[in-house]
Structures are given as C-alpha cells and as structure tokens.
Amino acid sequence: MAAAVPVPVFTTIEQVFPDAAVLLKQGARYNLLAEQFEERFGKKPMYIVRAPGRVNLMGDHIDYQLFGVLPAAVERDVLMAVGPRDEGDPGRVTVQNLDSKYTRQTFAPVKGSVGGQDWSLSIDKTQLRWESYVKAGYYGVLEKFFTDNDELPRGLDLLVTGTVPAGSGLSSSAAMVVASTLSFLVINEKLEGMSKGDLVKIAVENEQRVGVNSGGMDQSSSVISNADSALYITFFPHLSAEPIPLPITSPRSVFVCANSLVVSDKVVHSRTRYNLRVVESLACARVLAHRLGVPIGETEKLTLREFLDRWLGVKKGEEIDADALKKGLEYIGKELDVLKLAESDGSNGTEIGVTLEEMIEMSGLSAEVFKKVYLSWVDIDATRFQLYKRGKHVFAEALRVLEFREVCLRAATDAPDDAGSALCELGRLMNESQKSLAELCESSCPEADLLTRLANEAGAYGSRITGAGWGGCMVSLVEEERVPEFIENIKALYPPYHGLKGDELSEAIFPTKPSNGASVFKFT
Ligand code: NG1
Ligand code: MG
C-alpha cells in the first residue's frame, strides 16, 4: 500500500499563493471582485481567499462513522476579497456579497465569557442566514488566538462571490466556512506556520457552530485537494489525506454534476434523516460489540470504524493498512448477515427494523444508560430502527471507497489503454453505491433514482447521488466528448429540467474536474 501522504504545512502565505492555474482561467473574475471591493470600501483588498466546493466520488454516510471517503474539490468556489478596517470597534466586520440577494451585514464580537467561550458572536441557528457562515469562520479564530486580553482581533471588510450552487450537496457551506476562517486568519497574521490539518480542524468545529453534526469530509476536501486528483481522506486513527490520481485522461472523462433540484433541508429533516442515520449506525456498533464480545465501555459511543479495529484486535494507536482494512470489512460484512440484527416481515424478506425496546434489549445496556448515551445528545424521531441495513451500507460503502482507490492507483501504473476498463470499474462502483444509498441507507429519493438511471441510459460509466442525499446533486462519470449530448439527453428526459436554458441549465447540470484546495492570493 502507498503510504498516506501527511497533510502538508503552510509555512508561509506565499506557499499557497498564487495558484497560477486558477488565475489564468479566472483572472477576470478576480479582477472584477477586486474592483468591486475598491468601489464599495474605498480601498484595494489586501487578499483574495478562495475555497472550493466538493463532490464526493465515493463514500457517503460513512465519514461520521470515521471511515475514509473519496471526494474531490470542484472548480466552483467561494471567493472572498478582504482588507483590514482601520477605524470602528476592534474586530468589527462588514460583509457584502456581489449577489444582492445576500444583504450587507455588519457585526462585532463581544469579549466576555458566555457558556465557557471567551467571545460571543451571535449565530442564529434557527434561521439560515448567509452571514452565519462568515461568523462561524470568525468564531474559531477568536477562540483559538484571542483568548488573552492583550491582543484584540483586527476588523475587516469582506466582499463575497460564489459559484457553488447553494443547498445542492456540493458543500457551498464548507466553502464559505473555509474561506471565512482563512480570511480571519490571514488578516490577523495567524496563518503562518499553520498546517492544513490544523485549518481543517478549526473549519470543522466552525461549521458545527452553524448547527450540523457532520463529519469532516467537506472541509478536508475544500482545504487539502489537488487539481487532477481526488483525495482519500481518513479520519481514524488520525486525519490524513492521500492524493488519488484519477484515470480520466484516456479517454478524456469528466464528472458531471446534475442537480435534482430537490432541496433537502438537512436541519429541518435531521430528526428523521441525517441525525437518525448517525444514531442508527452508532447503535449498530454497540449491538455488534455486545454480540461479538468486543470490549466497549458502558457510556462509550463507539463508531463502526473503531468497533472494527477492536474486533480485529488492532492495538490502540496502531494503524492498519488498506489491505488489512479491506479484509476486515469483508469479514464483518459476512458476520453481519449471520447475526441478523433486524427481523424481516417474513413475506418478501424486507427488513422492518427493530423497535426502541428491541434495540435496547439487543444493546445489553439498561434503558436508562442506552437513552443517555445514544439519545440524549441529539434529537431524533423514529418508531423503528434499521441497524442491519445501516451497518450493511456503512461496511460495504467503506469497502467501495478502498476499491475505488485501488482501481485508480492501479490505472496510474498500468498501460494507458487499460484506462477505459478502469473507468468502467469506477462506474460500476458508483452504481453499486447508488443502489446501497437507495436501498440500505435510504438516503436517495425518487428524483435522484430517476436522474441516476437516466445518466446511465445516456451513456455515463456510472452515476450516484453525492453528499447527504434526499435530493441535491448526482455525480456521473462521462466521456468528455459525449458531455453536450449527455446533457441534452438528460434535459429532454428529466422533467424538472424542461424549460431550463442558458445559465439556468448550466447551474443545474455541469461538468467539473478536480480542482485545487483553498488558497490565499496576496495583492502586492
Ligand atoms: P452535505 O451533502 O454537504 O450536506 C453531509 C455531511 C458530510 C457527510 C455527507 C454524507 C455536513 C456539513 N456534511 O454532506 O460530512 O456526512 O453528508 O456522506 O453535514
Ligand atoms: Mg453542507
């Protein structure tokens, strides 16, 4: 196995500046943003910060169980032009957006201990407000660097523009939070010496301040990605990222993102969807540990990844390689079938799940302890729980991530004419993933099922929903020269696209290649 490349370090700002490839392609956009900044704030910006969205190529609903994922940053991004403010209260921020539907906001943090925090900066979690993402980025910087009384944060003016469609599973939120975290770091001269791993950690905590219990995939790919490769990101036993070259040069192929135009409000539905998946998979780990005699503390919320290591007898802190992990996943997948964690209704073998009482009984814990450990920290709503299906999805999807990685690494060393078969292999894995997301994780929706089917009929190698699901975007692997025809076909057959033209259509369905992670451009 190729050793995972440690997360690189930013030693100076210049090291991440400039990203020549981006500037060449997008120079006009950067200039316009800088001009607009000057017009609005009466001075030139000091920096432009860029953070991309991401498309997850393989591995959904497994990052919060600490299994590795394989996303790539997309070309679409968030740009923030930033300059320091000289006057006004220390730390005051004014944010504007080139898109006038996001109105101008100004705010200043208040020093003083609130709920154990050194600063307060009110973030309204009950409403989706655009400036919350800017505040979230600020918060972590305040809490990490401005805890003693001698130094106050520098205020700043900020102008934002973005091309990642909002609410579509391409992580516009992570792009916003990463860009704003970087903006506050760079203006306050705190970026030097910081590793990308540190930045990811701050950005993950920052995004959780807006109110989601997510894993670390989105911020990692927005920060760490490289152009022309995807990233294999692992979270356990520690964060690491390995660039994975994609076999997309012969025949030239691209990933096409297609928005189902079904908006899934993750916060509103989290009780029956995202957060429920988190609880079901944690409960699955508990029941497995109990049944298989794997040591687990009474109040320990073990993830499925941690459970697997213990089951395999891996020593604490030791890292197993991809091959051993693959074998472990294959074994546990079979074991899960034997254990029958849920009952089928007997008629057609459909899993009907277990009740809360049954789940508690299976866990070996008292009802009181079970509820405290698994249900008290999160709000969920269900009468039946699908432990078998969720566990089955997580282990099989984690295995597909390793297979996807392996196909790519093999194609990078094989003869070039084998690339076509590598693309077919990747497509097959994408289709299997879609089936598992639809049937086992139950995070697809009829529109997504239709779009992925149409994508395959229109000649994609494979197609799957990406990100949290229940709507949002599909990602399909398509030969580049077939893309115009592919888009035409989907447009004709997917009813929500009828009538879309020009920008509306290219907002909904567009090809993308892996892009570089976040960068900071300094004006000299
Ligand atoms: P999206 O699709 O960006 O909402 C969410 C989580 C990820 C991951 C995926 C499912 C957030 C911010 N991100 O992504 O960590 O769990 O779902 O694989 O909630
Ligand atoms: Mg998001």
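If you read the sequence from its start, that first residue is 1, and numbering goes on from there. This one's a predicted model, so the numbers in the text were calculated from it and none came from an experiment. All ligand and atom numbering here is 1-based and tracks the order in the structure. Computed from heavy atoms alone, side chains included, the values below leave out hydrogens, waters and symmetry copies.
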Checking Asn431 side chain against Ser463 main chain: does a donor-acceptor pair fall under 3.5 Å? yes

Min N/O separation [X] to ligand 1 under 3.5 Å:
| X | answer |
| --- | --- |
| Gly469 | no |
| Asn56 | no |
| Asp218 | yes |
| Asp63 | yes |
| Gln219 | no |

Could you list which atoms of ligand 1 come closer than 4.0 Å to a heavy atom of [X]?
| X | result |
| --- | --- |
| Gly169 | 2 (O) |
| Glu207 | 12 (C) |
| Tyr64 | 16 (O) |
| Ser171 | 3 (O) |

Are the ring centres of His238 and Phe235 closer than 6.0 Å? no

Not counting sequence neighbours, which residues clear side chain to side chain contact (heavy atoms under 4.5 Å, CB included) with Asp381? List them please. Arg271, Thr272

Qualifying residues under ring-ring contact (aromatic ring centres under 6.0 Å, His included), relative to Tyr494, sequence neighbours excluded: Tyr497

Nearest non-hydrogen contact to atom 14 (O) of ligand 1 from the set Met217, Arg54, His61 belongs to Arg54

Side-chain donor-acceptor pair present, Ser519, Arg50, cut-off under 3.5 Å: no

Look at the aromatic rings of Phe307 and Phe395 and report parallel, tilted or perpendicular, splitting at 30° and 60°. tilted

So which atom in Val373 and which in Thr299 form the shortest heavy-atom distance, rounded to 0.1 Å? CG2-CA, 3.6 Å

Quick check on Ser173 - does any of its heavy atoms sit under 4.0 Å from an atom of ligand 1? no

Reference residue Leu329; test side-chain contact (heavy atoms from CB on, under 4.5 Å); the match among Leu304, Leu399, Val401: Leu399

